[in-house]
Amino acid sequence: MFDGLTGRLGDIFDRLRRRGALTEEDVGAALREVRVALLEADVALPVVKSFINGVKEKAVGQEVLRSITPGQMVIKIVHDHLVEMLGEQNEGINLNAEAPVPVLMLGLQGSGKTTSTAKIARLLKTREKKKVLMASLDTRRPAAQEQLRVLGEQVDVATLPIVPGEDPVTIAQRAMRVGRLEGYDVVMLDTAGRLAIDEELMDEVVRIRDVTRPVESLLVVDAMTGQDAVTVATNFNDKVGVTGIVMTRIDGDARGGAALSMRQITGRPIKLLGTGEKIDALEAFHPDRIAGRILGMGDVLSLVEKAAETIDREEAEKLAAKMEKGNFDLDDMLSQLRQIRKMGGMGGMLSMLPGVGKIKDQLSKANIDERMLKRQEAIITSMTQKERRDIKILNASRRRRIALGSGTTVADVNRLLKQYQDMADMMRKFKKLGKKGLMRQGLSALMPKGR
């Protein structure tokens, strides 16, 4: 979402870093460019003005201009102000109330509200170990209640049985009653959306709010709608009361201005980010980490957290044991490919590493195709168990059969086998040298020659 802004700011700050000393005019010129970059990213004008004034006030001080690394100090000031703009710290979902805790889901139709309800329910169930009940209050949109029921089955979270003809307020009351009687920790109430804000929608949501008294009222907004998302948030907050924001589709080509404007204008924190269509594509909003991504500093902490969640520890330990023995077959390679895909693919992983923004052009020229991982997985799953254990039996006819079965070409199969062979050779080297031997070899490679 922030790629365009990251690239613009990266160019501006690179020029600042290259200067040994900075004058007030240098800082002023750089901040004028930052202002244009923020406006082009669709950040609200009042937010841009406040941001630039705050940065300039600190950046033109003598302490900065006379420091050894003035460029770096200006970047740090920009980073700190970005964090302040985004909300200082992560604010999780508040469950600090008597069970069952009502969580009201708000938003316009098409914002991803129902899917977000299921994603959050899954998050509360798996991470917080909460017993969650979901209830659809959307009696207008065809099959809306059925959609939530199906999503509930996917995430293994209970949904309130559908009773035809019930109005939204009655459904909400029944959901809270079932929540109390059956010992649920959280009741998630998925309200109806509209194509636009109207009085009828607001009246309905206010009535539901009054009978359920939610601890959290989470507004789901689509990042792709830009400043319209800020307008929607302001209206819902004024008329219903919003405690937090869930921003969806941040993996799209939105310019990022809505996220940067939301907290400043509404005074409500962004709590969660929808990072894709998959049911587990949801992450906490950490202002300091997002500021780091925007400034090209990466987000290694989120990458580590994602790895900890997606990587099967038992499977990783088995693979480590096989590596120590020098054993590595195509089933092991298949397992690694699936782990990479679970973590968002190569693009998702690379986007969180520091400095990757500067080499985006090189990466695009390298043609890193995420579909390649799917093709490689298809090739391996088209092999028999015997073929996966021993590639020596893969003659020309077998390779043609595998290519046909996986919808690829023989050349694709050959490339995969070459890649596997290189990895297997590395594993054998690991066994031969051992950990200490590999470390010694790595150190000797780094030592200057001829001495």
Side-chain angles (χ1 to χ4, degrees), residues 93 100-122 132-155 157-179 186-225 228-249 266 268 271-272 274 279 282:
I93 295 174
V101 178
V103 175
L104 196 62
M105 301 295 290
L106 309 167
L108 294 183
Q109 190 173 311
S111 62
K113 180 166 45 61
T114 300
T115 305
S116 295
T117 301
K119 286 181 177 183
I120 294 169
R122 175 188 172 277
V132 184
L133 174 68
M134 297 190 295
S136 173
L137 314 186
D138 190 349
T139 57
R140 290 174 170 269
R141 183 166 60 90
Q145 293 178 306
E146 180 64 16
Q147 180 191 0
L148 189 65
R149 187 193 66 77
V150 171
L151 287 169
E153 289 179 356
Q154 286 180 21
V155 297
V157 170
T159 53
L160 188 73
I162 300 168
V163 176
E166 269 190 334
D167 66 87
V169 174
T170 305
I171 297 171
Q173 291 172 318
R174 179 163 63 93
M176 294 307 300
R177 189 165 58 250
V178 170
V186 181
V187 175
M188 300 200 65
L189 304 164
D190 180 24
T191 63
R194 300 283 191 281
L195 294 175
I197 292 170
D198 57 34
E199 288 303 316
E200 187 183 8
L201 166 66
M202 289 302 174
D203 288 345
E204 180 179 289
V205 173
V206 167
R207 290 199 307 275
I208 293 166
R209 179 200 65 189
D210 291 344
V211 299
T212 59
R213 288 182 293 179
V215 175
E216 285 276 24
S217 296
L218 300 176
L219 176 67
V220 181
V221 294
D222 184 347
M224 301 289 285
T225 58
D228 284 345
V230 181
T231 305
V232 168
T234 304
N235 281 319
F236 267 98
N237 190 42
D238 291 344
K239 295 178 181 179
V240 183
V242 171
T243 59
I245 294 159
V246 180
M247 187 161 281
T248 62
R249 297 188 191 170
T266 66
R268 296 293 179 260
K271 295 198 172 189
L272 295 161
I279 208 69
L282 186 74

Inset, instruction - Run the numbers on L133 and M188 for side chain to side chain contact (heavy atoms under 4.5 Å, CB included), then give the verdict. - result: CA-CA 6 Å; L133 174 68; M188 300 200 65; over 6 Å; no
Separation of [Y] [atom2] from [X] [atom1] (nearest 0.5 Å):
X: E204; Y: D138; atom1: CD; atom2: CG; result: 8.0 Å
X: L137; Y: R174; atom1: CG; atom2: CZ; result: 10.0 Å
X: L151; Y: E146; atom1: CG; atom2: CD; result: 10.0 Å
X: R122; Y: M134; atom1: CZ; atom2: CE; result: 12.0 Å
X: Q147; Y: D190; atom1: CD; atom2: CG; result: 8.0 Å
X: L106; Y: T191; atom1: CG; atom2: OG1; result: 5.0 Å

How close do [X] and [Y] get, counting heavy atoms only, and between which atoms?
X: S116; Y: T248; answer: OG-CG2, 3.5 Å
X: G241; Y: S217; answer: O-CB, 3.4 Å
X: T212; Y: A172; answer: CG2-CB, 3.7 Å
X: P168; Y: I208; answer: CB-CD1, 4.0 Å

Legend entry - Residue among I245, L218, T243, L219 satisfying side-chain contact (heavy atoms from CB on, under 4.5 Å) with R268: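 Result for side-chain contact (heavy atoms from CB on, under 4.5 Å) with R268: I245.
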Legend entry - Expected output: side-chain N237 to main-chain A233 donor-acceptor under 3.5 Å: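 No; judged by distance alone, with no hydrogens or angles, the pair does not exist.
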How about [X] and [Y]: do any of their side-chain heavy atoms sit closer than 4.5 Å?
X: R209; Y: V240; value: yes
X: V242; Y: T266; value: no
X: Q145; Y: I171; value: yes
X: L148; Y: T117; value: yes
X: V215; Y: P102; value: yes
X: P100; Y: M176; value: yes
X: S136; Y: L160; value: no

Inset, instruction - Could you walk me through whether V221 and S111 pass side chain to side chain contact (heavy atoms under 4.5 Å, CB included), step by step? - result: CA-CA 6 Å; V221 294; S111 62; 5.8 Å; no
Legend entry - Derivation of the side chain to side chain contact (heavy atoms under 4.5 Å, CB included) call for I93 and I120: CA-CA 9 Å; I93 295 174; I120 294 169; 3.4 Å; yes
Legend entry - Worked check of side chain to side chain contact (heavy atoms under 4.5 Å, CB included) between I279 and K119: CA-CA 6 Å; I279 208 69; K119 286 181 177 183; 4.3 Å; yes
Legend entry - Presence of salt bridge, D210 and R207, under 4.0 angstrom: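 The answer is no: the pair does not qualify as a salt bridge.
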Legend entry - Donor-acceptor pair between D167 and T170 side chains, under 3.5 angstrom: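 Per modelled atom types, D167 and T170 side chains form a pair under 3.5 Å.
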